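Just so you know, these numbers come straight off a predicted model, no measurement behind them. Numbered from 1 within each chain, the chains take letters A, B, ... in sequence-line order.
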Amino acid sequence: MVKIQTSKEITPKIYAYTTPKNLDNEGWIKIGYTERDVKKRIKEQTHTAQVTTDILWSEKAEYLTEPDKGETFKDHDFHHFLKFHDVERRPKTEWFYFNGEPDRAKHLFDKFVVHDVSDYQPGQGQDYVLRQEQEAAVEQTAAYMAENPSGKYLWNAKPRFGKTLATYDLICRTQAQSVLIVTNRPAIANSWFDDFNKFIAGKTNYKFVSESDSLKDRPVLSRKDYMDYVLSHLDETEEMGQIAFLSLQDLKGSIFLGGRHNKLKWVTDTVWDLLVIDEAHEGVDTFKTDTAFNQIKRKFTLHLSGTPFKALAKGDFSADQIFNWSYADEQKAKLNWERESEKENPYESLPQLNLFTYQMSQMIGERVADGVQLDGENVDYAFDLNEFFSTDESGKFVYEQAVKNWLGTLSTNEKYPFSTKELRNELKHTFWLLDRVASAKALKALLEEHPIYENYKIVLAAGDGRMSEEDDRVKLKALDVVREAIQTNDKTITLSVGQLTTGVTIPEWSAVLMLSNIKSPALYMQAAFRAQNPHSWRDNKGNHYRKENAYIFDFAPERTLQLFDEFANNLSLATVSGGGTTTTREENIRELLNFFPVIAEDHEGKMVKIDAKSVLTIPRQIKAKEVLKGTSKNSYLLSPYFK
DNA sequence: GAGTCAATTCGAAGTCACAT
DNA sequence: ATGTGACTTCGAATTGACTC
């Protein structure tokens, strides 16, 4: 007799247990899945290690209500559900942290099996009070929106203005139900979600919907999650708001928006109450982006940017469509805060920026410093940072000796930032911006063998983060690498090319070294503001400190001063694109200099404070000198001296 | 010759699709 | 699921042609 049996009865179950004797696991609960006997299964996992276990509960892994009543599920589905309730999970394991509330695990399980998703994204529900300028921005925008329901508005606000929170406040105040946030830099999704989670989630009916890669470990809803949520709440009268976050690249890839992939149909199907374009200076204003935006049906559009040079120069916005909050505004507010006020000065924690600019030629060798005689005048060599840090095919610096000299000078001559122990202690974590990935790699190699800099952990946040082809180290997100390095090292140097220059916050950074020739004021200032994040800390004696000053070290004075001029003038409508009189331009620069002093080397190499007139005249003087030299290539001038 | 503008080149970042 | 490589897009800088 042949015995044929194709089926076996199984009982899918979810179980939860703790290991009370194991202190490492205190507060942690293991939640797993089995189709067999629970006790046996748990014993399999633990008996080798002689751990005592305490089974909390085990339940059928079966949904109890429609839409899939009677269907079974796996532990993954429940783990996913836990994520939405901010339950901490040990990465890559099935251990979850229920601090002292083991009952909560069962409680959540009971909710899960009946599709109760009412508490998705519980949030922290913190209260907040907008700073006066955030309030002003929201108020003005809301007023403009009421008058011009299909208009647009620009927040020309420096980094740290708090645009995410202010935007959320605007959303709540105007009761926009469907909001779409797009940006060219998906990495900043984190800060959007952080503020959402802290202040908005839980208190409102808004849900944060995003499938951005940078948020994959956070409790954000996918599009599908959101639709499930909406479908299961159709009978409720309350409105459900959604805040959807998309990257521009993703958006433009959609076939409905000019791309080639069949996705994101829902974006064009929705009429959005508000479209927010974050970092509105990047990747927008191109043909593709415009066509994509034209397909998006929306009422109001809000542009956010700290450096909208282009938009202002083009005159895209009129004066009543702009809210301005500049660095000078902020520092003025800091200075003028009423001491008598009951409230603590909210600007106190925002450091002042200081710009030190050096003549590179003075640092690398006598002969270059001498310059050449032209019409009886001493003229410096035009210096090109990109050329200076250029590399050959083998990944070595072309002017390796010169770069070594420069590193040496930087760490010995007392006017430079890394010259003494005291100075180095002030600048524990710095950000160095270079031009090319190869240069960053070469510099990393040099720094690591240099006696002074070897005490620093050098983080390479450029390219794919690998030093060579053979280096098969796990590729981590640059941001995580930097954070970890700062956690575990006393001193760090982060070398970067383009990464981490916009939108990220590393509070520990106290200085930025500009080693690249960037001439775009937007990029330059974005990078410069990386050092201006508030930060406070405690030393090992228990004394508290706060970051008071942030520094920018620059090695191309003429370029820098020109950028400074643009920074002072081209972010305000009156003086954009060379507008306004010389006096008003100087006035703007003078005001900015009050809060953002520039210290530069003079002819004798002494460090002096630059005044407003010099900012305007020095670049022209240097430019005139370049004209004298004719069309000679910088590399031609440099080569004989460095080789 | 000086200044302006378009074309070209290059590197970086992000996404998609495929493989394991 | 996770990682790798190809592909796409964009911005900046450089180059070269054109105009005055």
Colleague: Relative to A/Phe317, does A/Lys152 satisfy both conditions: NZ or CZ under 6.0 angstrom from the six-membered ring centre, and within 45 degrees of the ring's axis?
Modeller: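 Output yes; distance and angle both within limits.
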Colleague: Whole angstroms only, please: what is the CG-P distance between A/Leu248 and C/dT8?
Modeller: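 Taking atom P of C/dT8 as the reference, CG of A/Leu248 is at 19 Å.
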Colleague: I'd like to check the side chain to side chain donor-acceptor pair (under 3.5 Å) partners of A/Tyr63; sequence neighbours left out, ordered by chain and number.
Modeller: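 Per chain and number, A/Tyr63 pairs via side chain to side chain donor-acceptor pair (under 3.5 Å) with no residue.
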Colleague: Would you kindly give the CD-to-P distance between A/Glu94 and C/dA1, to the nearest whole Å?
Modeller: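 So the two atoms are 13 Å apart, to the nearest Å.
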Colleague: Specify the separation, in whole Å, of atom CG of A/Leu251 and atom C1' of C/dT8.
Modeller: 15 Å
Colleague: Return the set of residues passing side chain to side chain contact (heavy atoms under 4.5 Å, CB included) with A/Ala511 (not counting sequence neighbours), or none when no residue passes.
Modeller: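 If we apply the side chain to side chain contact (heavy atoms under 4.5 Å, CB included) test to A/Ala511, skipping adjacent residues, the hits are A/Leu427, A/Thr430, A/Tyr551, A/Phe553.
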Colleague: Nearest whole angstrom, please: distance from the P of B/dG14 to the CG of A/Asp250.
Modeller: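 My rounded result for the distance is 12 Å.
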Colleague: Quick one: A/Tyr524 OH to C/dA12 P, roughly how many Å, whole number?
Modeller: 16 Å
Colleague: Could you state the NZ-C1' distance from A/Lys74 to C/dA1, rounded to the nearest angstrom?
Modeller: 15 Å
